[in-house]
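Fair warning: this is a prediction, and the values are worked out from it, not measured in the lab. Just follow the structure's listing: the first ligand is 1, and inside any ligand the first atom is 1.
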Amino acid sequence: MDITIHKTTAPKQKPSMDGIPFGTYFSDHMFLMNYTEGQGWHDARIVPYGPLTLEPTAMVFHYAQEIFEGLKAYRTAEGKIQLFRPNENIRRMIRSSEKLCIPPVPEDIYLQALKTLVELDQDWVPSEPDTSLYIRPFVFATDPHLGVHVAHTYLFCIVTCPVGCYYPEGLNPVKIAIESREVRAVRGGTGYTKCGGNYAASLHASDAAEKRGFSQVLWLDGVEQKYIEEVGSMNVMFKIGGKIITPSVEKLTVLPGVTRKSALTVLKSWGYEVEERDLSVDELIAAAENGTLEEAWGTGTAAVISPIGEISYKSKKYTVNNFEIGELTQKLYDTLTGIQWGKIDDPFGWVVPVC
Ligand SMILES: *Cc1c(COP(=O)(O)O)cnc(C)c1O
């Protein structure tokens with residue numbers, strides 16, 4: 001498919017990367033493509049970044065038929081630009097599409113759109129240490145219509161923004177609180193999809209946790225509220241008695257993270273025993289109490305690896321690894337980011353060059 005390009009005549013001034021807040025400054029261009037029932041996806045175009053015009057009755061505003069993705073473009077020491085496993089994000093969005101009854105964006109057009117947009121805005125891919133260009137593709141229902149049913153028209157949009165570390169404090173351990181009342185996902189629901197509604201529904205609990213001084217909530221399963229699922233919008237892993245334990249994604253309540261999948265592959269290649277299974281809070285707290293909980297971390301594109309230094313449960317606090325970054329957590333961060341920035345070999349073939 002041809003992508004029409006309308007270049008901006010007023011390029012923006014680029015922000016300073018020093019302490020840049022996450023997701024605040026957007027690059028010069030965005031990608032748009034429309035879907036109309038009977039016609040399919042059409043009018044692929046790149047236009048100057050700017051407001052969209054939508055009817056107040058656009059169905060997304062009322063019924064939240066929307067999905068998104070998050071990935072990054074990295075600049076290597078040689079000045080080249082590369083993506084990290086973009087087809088994983090593309091395929092995940094196709095799975096999200098199916099659940100939300102949104103017509104899937106074909107994989108080849110999607111990848112072409114990502115590469116073309118990043119190449120056009122290549123000057124926006126920063127070169128400072130620990131920086132990258134965050135890419136946010138999303139699709140939503142645009143029909144101007146009230147009434148709950150599957151929409152007939154959609155817009156696919158991709159915007160990008162230069163980012164530094166996700167947490168202003170950098171790679172430091174965070175404090176998390178186990179949430180024992182509210183849940184993020186239920187069996188048979190949308191937990192495995194990146195749909196906006198999941199995040200709207202998580203705000204109440206995460207806002208309350210933040211006000212109590214925690215950076216994220218550790219979600220439990222929606223059936224028994226007994227098993228660990230995810231931490232905030234990251235997957236979670238624990239090193240207990242030398243083994244790596246992480247909640248399985250099989251029940252479709254946990255988001256199947258690309259960083260999670262990559263971390264597990266790297267850990268297995270290092271000879272670690274990895275268990276993807278149910279992990280109850282009781283088992284986790286027992287491990288914290290008897291000293292076998294060695295390390296804990298979250299995984300996600302935005303922060304890559306986020307060490308967990310303290311876990312709070314029912315007003316008791318458990319410190320992990322003396323509130324320091326664990327050795328394995330650090331090694332995993334260095335390896336994944338090393339591959340992403342092209343600082344080390346990519347033995348798994350994960351990197352996709354852009355230009
Ligand atoms: C995006 C996301 C993740 C992490 O997925 P990555 O592909 O590694 O970025 C984990 N949990 C939730 C709820 C998410 O939205």
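- At least one N or O atom of Val258, backbone or side chain, sits closer than 3.5 Å to an N or O atom of ligand 1.
- Of the possible polar contacts, one joining the Thr246 side chain to the Val236 backbone as a donor-acceptor pair under 3.5 Å is found.
- In this structure, Arg184 does not pair ionically with Glu229, as no charged nitrogen and carboxylate oxygen lie closer than 4.0 Å.
- When non-hydrogen atoms are compared, ligand 1 lies under 4.0 Å from the side chain of Arg184 (C-beta onward) but not from its backbone.
- Given atom 8 (O) of ligand 1, the protein heavy atom at minimum distance is Thr259 OG1, 2.6 Å.
- Counting protein heavy atoms only, atom 14 (C) of ligand 1 is closest to Lys194 NZ, 3.0 Å.
- Not a single heavy atom of Gly70 lies less than 4.0 angstrom from ligand 1.
- Gln82 pairs in a side chain to side chain contact (heavy atoms under 4.5 Å, CB included) with only one of the listed residues (Val354, Thr76, Asp346, Ile339), which is Thr76.
- Between Glu230 and Arg260, no side-chain nitrogen of the basic residue sits less than 4.0 Å from a carboxylate oxygen of the acidic one, so the salt-bridge criterion is not met.
- Under the 4.5 Å side-chain heavy-atom criterion for Ile, Leu, Val, Met, Phe, Trp and Tyr, Ile135 and Val351 are members of distinct hydrophobic clusters.
- Short contacts between ligand 1 and Met234, defined as distances under 4.0 Å to a heavy atom of the residue, involve ligand atoms 10 (C), 11 (N).
- Among protein heavy atoms, the minimum distance from atom 3 (C) of ligand 1 is reached at Ser233 O, 3.3 Å.
- For Phe140 and Phe68, the ring centers are positioned 6.0 Å apart or more.
- The nearest protein atom to atom 9 (O) of ligand 1, hydrogens excluded, is given as Thr301 OG1, 2.6 Å; this is a heavy-atom distance.
- Note: no N/O pair closer than 3.5 Å links Asn89 and ligand 1 by distance alone.
- Between Arg260 and ligand 1, no N or O atom pair is found at a separation short of 3.5 Å.
- Contact atoms of ligand 1 toward Gly300: 4 (C), 8 (O), 9 (O) (distance under 4.0 Å to a heavy atom of the residue).
- Heavy atoms of Arg92 approach ligand 1 to within less than 4.0 angstrom.
- For atom 5 (O) of ligand 1, the nearest non-hydrogen atom of the protein is Gly257 CA, 3.3 Å.
- With respect to the salt-bridge test (charged N to carboxylate O, under 4.0 angstrom), the residues Lys226 and Asp278 do not qualify.
- Ligand 1 places these atoms under 4.0 Å from at least one heavy atom of Glu230: 10 (C), 11 (N), 12 (C), 13 (C).
- Side chain of Tyr154 to backbone of Glu66: no donor-acceptor contact under 3.5 angstrom is found.
- For Asp2, the CG atom counts as loosely surrounded, since its 6.0 Å shell holds 12 or fewer non-hydrogen atoms of other residues, nucleotides or ligands.
- When only non-hydrogen protein atoms are considered, atom 15 (O) of ligand 1 lies nearest to Tyr199 OH, 2.2 Å.
- Salt bridge absent: Lys194 and Glu69 never bring a charged side-chain N and a carboxylate O closer than 4.0 Å.
- The distance criterion of under 3.5 Å between nitrogen or oxygen atoms is not met by Thr299 with respect to ligand 1.
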